[in-house]
Number of protein chains: 2
Amino acid sequence: MSTKLLTKEHDQIARYAKALGHPVRVYIIELLSTQSCCFSGDIAEDLPIARSTLSQHLKELKSAGLIQGTIEYPKIRYCINKENWERAQKLFGKLLDSAAFTKSQCTANPVVQLADKI
Amino acid sequence: MSTKLLTKEHDQIARYAKALGHPVRVYIIELLSTQSCCFSGDIAEDLPIARSTLSQHLKELKSAGLIQGTIEYPKIRYCINKENWERAQKLFGKLLDSAAFTKSQCTANPVVQLADKI
DNA sequence: AATATGTTTCGTATTTTTGCGAAATAAGAA
DNA sequence: TTCTTATTTCGCAAAAATACGAAACATATT
């Protein structure tokens, strides 16, 4: 049964989550959000990866909508895409909070527990 | 330069985010957190995927630590792993909030803007 | 002992991600 | 115009994710 169980919202959350699903990309987001507001790609100096690899990670974050770039030749300044970031914030917040309200009763009533399987 | 820029924390956030990086897994988490506290794998009835595929998604969420299962033959009851979920909550919260405090000045000072490239 | 049940594991195929170095780009400086 | 610079795109290879159906599992029931 069911009527549209997998919604656009699930897709959107998954999209954002996937974009954050790599340590380098988490680092980039963190850097952009705290260190300085915007910056050019000299993140590369701090990371043990090739420039082209970094570029791909930036591309992923860009296409997910989490960051945006401004060209200032010969550099490119990146920053958080505030609009979409707030959207991500709301979506994650909703998911995270809803789960917080539930108290899990799973561990309270364990009939059988196979450590290696579960 | 740098001293440990990619930390365990980045890895951990990325790990959780990656686990949430698929619509089906977002749906599962949402279901586990709202619908009912725990349940068995009759999620399958609601999803347009094979049982074995669902099992794999459950496995991923499990190995990321976000959910846990209790066997009650012949069923298995799943629920959120509260401890780890709260950890994820904190980590995501920190990242999301820090970015919120920053106002992006990127769009405020666009020297050149190549839409197709950026 | 044989059967039924809900779920997982196995084997496999396809697609996506990750990563690199080399080459291309686009504009400013010489 | 030719060089320099920061970055991206290209071409490739290796690894991981996604998905399926068939077979295996562990127990409860007959």
Side-chain angles (χ1 to χ4, degrees), chain A residues 6 10-11 14-28 32 38-64 66-79 106 110-118, chain B residues 6 10-11 14-28 32 38-64 66-79 106 110-118:
Chain A
L6 248 33
H10 294 122
D11 281 346
R15 189 87 210 287
Y16 288 143
K18 196 171 189 174
L20 291 174
H22 191 289
V24 165
R25 296 197 290 268
V26 172
Y27 170 77
I28 293 171
L32 285 179
C38 297
F39 75 171
S40 83
D42 39 25
I43 329 166
E45 283 179 14
D46 296 334
L47 294 174
I49 58 173
R51 301 288 170 124
S52 55
T53 304
L54 172 62
S55 191
Q56 268 185 213
H57 284 305
L58 289 168
K59 192 177 174 186
E60 286 238 12
L61 288 170
K62 231 185 309 176
S63 74
L66 292 179
I67 67 173
Q68 63 193 140
T70 310
I71 299 179
E72 299 177 21
Y73 276 108
K75 297 189 178 183
I76 296 183
R77 167 179 301 198
Y78 283 101
C79 63
C106 234
V111 177
V112 183
Q113 188 85 275
L114 300 189
D116 49 334
K117 297 206 73 179
I118 296 295
Chain B
L6 248 34
H10 294 123
D11 280 347
R15 188 85 211 287
Y16 288 143
K18 195 169 192 175
L20 291 173
H22 191 290
V24 165
R25 296 197 291 266
V26 172
Y27 170 77
I28 293 171
L32 286 178
C38 297
F39 74 171
S40 85
D42 40 24
I43 329 166
E45 283 179 13
D46 297 333
L47 294 174
I49 59 172
R51 302 287 170 124
S52 56
T53 305
L54 172 62
S55 191
Q56 269 186 211
H57 284 304
L58 289 168
K59 191 178 173 183
E60 286 238 9
L61 287 170
K62 230 185 312 175
S63 73
L66 292 179
I67 68 174
Q68 62 193 139
T70 309
I71 298 179
E72 300 178 19
Y73 276 108
K75 296 188 179 183
I76 294 181
R77 168 180 298 197
Y78 283 100
C79 64
C106 234
V111 177
V112 182
Q113 186 86 271
L114 299 189
D116 49 333
K117 298 208 70 183
I118 299 295

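Residue numbers start from 1 in every chain, and the chains themselves are labelled A, B, ... in the order their sequence lines are given, proteins ahead of strands.
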Item to check | Nearest to side-chain heavy atoms of B:Lys59, which nucleotide of C:dT9, D:dT8, C:dT8 | outcome: C:dT9
Checklist entry - How close do A:Ala19 and A:Leu61 get, heavy atom to heavy atom, and via which atoms? => result O-CD2, 3.7 Å
Please write out each protein N/O paired with an N/O of nucleotides 15-18 of chain C under 3.5 Å, distance rounded to 0.1 Å.
unit_1, atom_1, unit_2, atom_2, d
C:dT17, OP1, A:Lys18, NZ, 3.1
C:dT18, OP2, A:Arg25, NH1, 3.0
C:dT18, OP2, A:Arg25, NH2, 3.4
C:dT18, OP2, A:Glu60, OE2, 3.3

Next on the checklist: According to side chain to side chain donor-acceptor pair (under 3.5 Å), who are the partners of B:His10, at least two apart in sequence or on a separate chain?
Outcome noted: A:Glu30, B:Thr7
Checklist outcome for this item: Here the distance between atom P of C:dG28 and atom CD1 of A:Ile71, to the nearest Å, is 12 Å
Item to check | Separation of atom CZ in A:Arg51 from atom C1' in D:dC10, rounded to whole Å | outcome: 19 Å
Item to check | Residues forming a side chain to side chain contact (heavy atoms under 4.5 Å, CB included) with A:Thr53, sequence neighbours excluded | outcome: A:Ile49, A:Ala50, A:His57
Checklist entry - Could you state the CZ-P distance from B:Arg77 to C:dG6, rounded to the nearest angstrom? => result 15 Å
Next on the checklist: Quick check: on DNA chain D, is the nucleotide nearest A:Pro74 upstream (toward 5') of the one nearest A:Ser52, or the reverse? Name the residue that is more 5'.
Outcome noted: A:Pro74
Checklist entry - Rounded to whole angstrom units, what separation is found between the OH atom of A:Tyr73 and the C1' atom of C:dT25? => result 7 Å
Checklist entry - To the nearest Å, how far apart are A:Glu72 CD and C:dA26 C1'? => result 15 Å
Item to check | Atom pair distance, as rounded to whole Å: NZ in A:Lys75 and C1' in C:dA26 | outcome: 16 Å
Checklist entry - When we call it a touch if two heavy atoms are under 4.0 Å apart, what does A:Ile49 touch: a base, just sugar-phosphate, or nothing? => result sugar-phosphate
Item to check | For B:Ala17 against A:Leu20, the heavy-atom pair lying closest together | outcome: CB-O, 3.4 Å
Checklist entry - So which heavy atom on A:Pro23 is nearest to which on B:Asp11, and how close? => result CG-OD1, 3.0 Å
Item to check | Which atom of A:Arg25 lies closest to which atom of A:Gly21, heavy atoms considered | outcome: NH2-C, 4.1 Å
Item to check | Interatomic distance where CG belongs to B:Leu54 and P belongs to C:dT8 [whole Å] | outcome: 7 Å
Checklist entry - Which value, rounded to the nearest 0.5 Å, describes the distance between A:Leu32 atom CG and A:Arg77 atom CZ? => result 11.5 Å
Item to check | Nucleotide C:dG6, atom C1' - distance to CG of B:Leu47 in whole Å | outcome: 16 Å
